Amino acid sequence: MSDLNVMERVISSPDADAIGGYATYCVGCGTCAFLDPAFTIAKNNDGCYQAFMQSGIQNPAKVESACPFASSANEDVIGNDLFGSQAGVQHDQYLGYYLNAYVGYVSADGWRSRGSSGGMVSWLASKMLEDGLVDAVVHVKDGPDSEHMYTYQVSHSVEELKTGAKSKYYPVEMSEVLAYVRKHEGRYLFIGIPCFVKAVRLLRRQDPVLNERIRYCIGLVCGHLKSDFFAKSEAWESGVPLEDIARVDFRHKTPGSPASDYAVEVKRVSGGEPVVTRTAELSTTNWGLGYFKYNACDYCDDVLAETADVTFGDAWIPKYVNDGEGCNVIVVRNQDVQDLIDAHRDELVLHDSDSAEVYQSQAGGFRHRRQGLAYRLHVHQERGEWTPTKRVKPSLDGISEQRQKTYAMRTMLKNESFAAYREAVETEDFNVFKKHMKPVEKEYAHVSVPFKKRVLRKAKQLVKTALPASAVKNIKILRGGGVASGIYLTARSFHTFVFVASPTLVPIKRTDVVDAFSIAYSAFNDEQPYVLSA
Ligand SMILES: Cc1cc2nc3c(=O)[nH]c(=O)nc-3n(C[C@H](O)[C@H](O)[C@H](O)COP(=O)(O)OP(=O)(O)OC[C@H]3O[C@@H](n4cnc5c(N)ncnc54)[C@H](O)[C@@H]3O)c2cc1C
Ligand code: SF4
Ligand code: SF4
């Protein structure tokens, strides 16, 4: 296979599951366009950035070796070169090479409240600037208009840096900002999602100037990237017409509620108060459903930005998620970064962590991108379809039939979400999107939720329906156990649930209880001690 063919295949390859029969494995990072004028980056029909290629590529091998979906150098190889020889370094199949792991947040100067999570990314970037490790920071900030809500830009001061905090679940590309770095001398910090960091590492390998200038990379944990349909649908469903959307803040914090219960804030072209809506009230924000996901993301096995000097994510762990202000999960790979964190530790609240806890914070993502990827690669292999070469190999080993169906349904959810959104735009009615997706979501729930859990949910619904409204009002979710009286349907785990007719101690605080609840026929009264109720 020639070099040219690999780039062509990344950009478009047969895929029997895709609407139209072709899929792209391109994440639209812009590396190829930076290297060669034969490539341009533009939004495709799905609102995702993608490379488009003309004939006359100057040096196909150069482009191929820097494209994160075409290069033969994987994250283990790159990580080993960068970090493998440091004293005390460890390797983990999920974290990559690492020195230390932490969970924590910034306690100084409002970084945490300005940030998406614990504010650590912007804080560390500011320390790198202040302590003279770098002169400028390449990161994603407010863009010029509503079709480019966010773009890669360069900040030279802490004040400029502050205006770029928070996660942008929005298409971005870096061809222009790379050209800027190539043209302007200086020492740069690059901030990006794993595939972008990988592309920067690959570029540094072939370009001594970029190698010298891009001194450090901060990685963001990445579940997947969203098409611009995501921002538009969130705003539209929040009540802002498409033509009136100026910008969407995807991570508007709602103090007092768990970190996972955040909101979106939509600014309008017409001005006035921004519209704030809890993501839980919107139909496109369940990340597990993968609506408007770049197709490339389903063929990416790097969740933790393994080629970055340090990676930050959200600590989606019960112990920390209840803190509405947000907590970071942190993986340090470069000793310079470790030294910087140690030097300014008085500005942080940090708890030591380990690979198991970091894995746990992203467990769903890892399942989808390791086991799920093995399944998807197998399906393509069986159909004789090309896919990028990954560390994960095509296989069905250890994947139950139910899991296989779940992964297959996720592909359908992703593909149908784009079609449904386009239909909604054509008919100028967001309900068309919901109507289109409802049966697909229902089918997904059917295949992905195990039988016992479905029975449990049904029973819960039945009891709720059968109860008088006054009793329904008093439904309590018990997390710590308690004493109660009346008739209860008590679920202790997916495996056991029982009716209890007499005053009973309900000890349900157990680690294997995933969905424990207790429903009172007669209302709880205030004298009955239960630890937590909702
Ligand atoms: C597309 C995407 C998917 C993510 N998926 C997950 C996930 O599944 N699990 C998880 O734990 N965390 C995920 N994250 C990371 C998480 O949302 C936070 O960014 C991270 O926890 C850092 O929070 P912070 O408060 O320390 O960062 P902040 O202090 O808020 O700083 C964030 C920095 O990241 C930069 N940035 C924001 N968006 C982008 C972008 N699209 N590309 C490049 N740079 C950007 C900003 O310019 C800013 O410098 C994702 C982030 C993105 C952008
Ligand atoms: S992933 Fe990046 S480098 Fe590869 S084709 Fe797409 S835009 Fe170009
Ligand atoms: S999931 Fe992978 S391919 Fe997709 S945006 Fe994140 S790092 Fe890039």
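For ligands, and for the atoms within them, numbers begin at 1 and follow the listed sequence. As the structure is a prediction and not an experimental result, all values here were calculated from the model.
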Report summary line: Quick note on ligand 1: atoms under 4.0 Å from a heavy atom of N328 include exactly 21 (O), 22 (C), 23 (O), 24 (P), 26 (O)
Query raised in the report: Is the gap between the ring centers of Y407 and H378 under 6.0 Å?
Result: no
Report task. Verify the ring-centre separation between F433 and F292: is it less than 6.0 angstrom? Result -> yes
Report summary line: Of all protein heavy atoms, the one nearest atom 6 (Fe) of ligand 2 is C26 SG, 2.3 Å
Query raised in the report: Using a heavy-atom cut-off of under 4.0 Å, does the side chain or the backbone of Y150 touch ligand 1, or both, or neither?
Result: neither
**Report entry** Short N-O contact, R251 and D314, less than 4.0 angstrom
**Finding:** yes
Requested in this report: Considering only non-hydrogen protein atoms, determine which one is nearest to atom 1 (S) of ligand 2 and report residue, atom name and distance to 0.1 Å.
Outcome: V27 N, 3.5 Å
Requested in this report: Can you sort out which atoms of ligand 1 are near H224, meaning under 4.0 Å from one of its heavy atoms?
Outcome: 1 (C), 3 (C)
Report summary line: Atoms of ligand 1 under 4.0 Å from any heavy atom of L225, numbered from 1 in the order shown, are 1 (C)
Query raised in the report: Numbering the atoms of ligand 1 from 1, which are under 4.0 Å from a heavy atom of G119?
Result: 24 (P), 25 (O), 26 (O), 29 (O)
Query - ligand 2 atoms in contact with I41 (distance to a heavy atom under 4.0 Å) - result: 7 (S)
**Report entry** Close approach, M7 and ligand 2, non-hydrogen under 4.0 angstrom
**Finding:** yes
Query raised in the report: Which bit of I191 gets closer than 4.0 Å to ligand 1, counting heavy atoms only: side chain, backbone, both or neither?
Result: both
Query raised in the report: Would you say C222 reaches atom 6 (Fe) of ligand 3 with an N/O/S atom under 2.8 Å?
Result: yes
Report task. Select the closest option to atom 2 (Fe) of ligand 2 among A199, S175, C29, judged by heavy-atom distance. Result -> C29
Query raised in the report: So which bit of R112 gets within less than 4.0 Å of ligand 1, heavy atoms only: side chain, backbone, both or neither?
Result: neither
Report task. Could you say whether the N/O atoms of G313 and ligand 1 ever approach to under 3.5 Å? Result -> yes
**Report entry** Atoms of ligand 1 close to S167 [distance to a heavy atom under 4.0 angstrom, numbered from 1]
**Finding:** 16 (C), 17 (O), 18 (C), 19 (O), 37 (C), 38 (N)
Query - N295 versus A23, closest heavy-atom pair with distance - result: ND2-CB, 3.6 Å
Requested in this report: Using distance alone, decide if ligand 1 has a nitrogen or oxygen within less than 3.5 Å of any nitrogen or oxygen in G164.
Outcome: yes
Query - Validation row, ring centre Y152 to ring centre Y180 under 6.0 Å - result: no
**Report entry** From the candidates A296, C67, A70, S71, the one that places a heavy atom nearest atom 4 (Fe) of ligand 2
**Finding:** C67
Query raised in the report: Contact between T24 and ligand 2, counting heavy atoms under 4.0 Å?
Result: no
Query raised in the report: Any idea which part of R114 is under 4.0 Å from ligand 1, heavy-atom wise: side chain, backbone, both or neither?
Result: neither
Report summary line: Separation between OH (Y102) and CD (Q338), nearest 0.5 Å, reads 3.5 Å
Query raised in the report: Of all the atoms in ligand 2, which lie at a distance below 4.0 Å from a heavy atom belonging to T31?
Result: 3 (S)
Report summary line: Closest to atom 7 (S) of ligand 3 among protein heavy atoms sits C195 N, 3.3 Å
Query raised in the report: Just heavy atoms, cut-off under 4.0 Å: does F69 contact ligand 3 by side chain, backbone, both, or neither?
Result: side chain
Query raised in the report: Are W123 and F312 near enough that their ring centres are under 6.0 Å apart?
Result: no
Report task. Using a 4.0 Å heavy-atom threshold (strictly under), name the region of L220 that reaches ligand 1: side chain, backbone, both or neither. Result -> side chain
**Report entry** Test of ring centre spacing under 6.0 Å for F69 and Y25
**Finding:** no
Query raised in the report: Measuring to atom 4 (Fe) of ligand 3, does C297 have an N/O/S atom at a distance below 2.8 Å?
Result: yes
Query raised in the report: With a cut-off of 4.0 Å, which atoms of ligand 2 are near a heavy atom of G28?
Result: 6 (Fe), 7 (S)
Query raised in the report: Can R369 be said to touch ligand 3, with heavy atoms closer than 4.0 Å?
Result: yes
Requested in this report: Just jot down the ligand 2 atoms closer than 4.0 angstrom to any heavy atom of C32, in number order.
Outcome: 3 (S), 5 (S), 7 (S), 8 (Fe)
Query - Heavy-atom gap Y299 to ligand 3 smaller than 4.0 Å - result: no
Report task. Taking only heavy atoms of I193 into account, list the atoms of ligand 3 that are under 4.0 Å away from them. Result -> 5 (S)
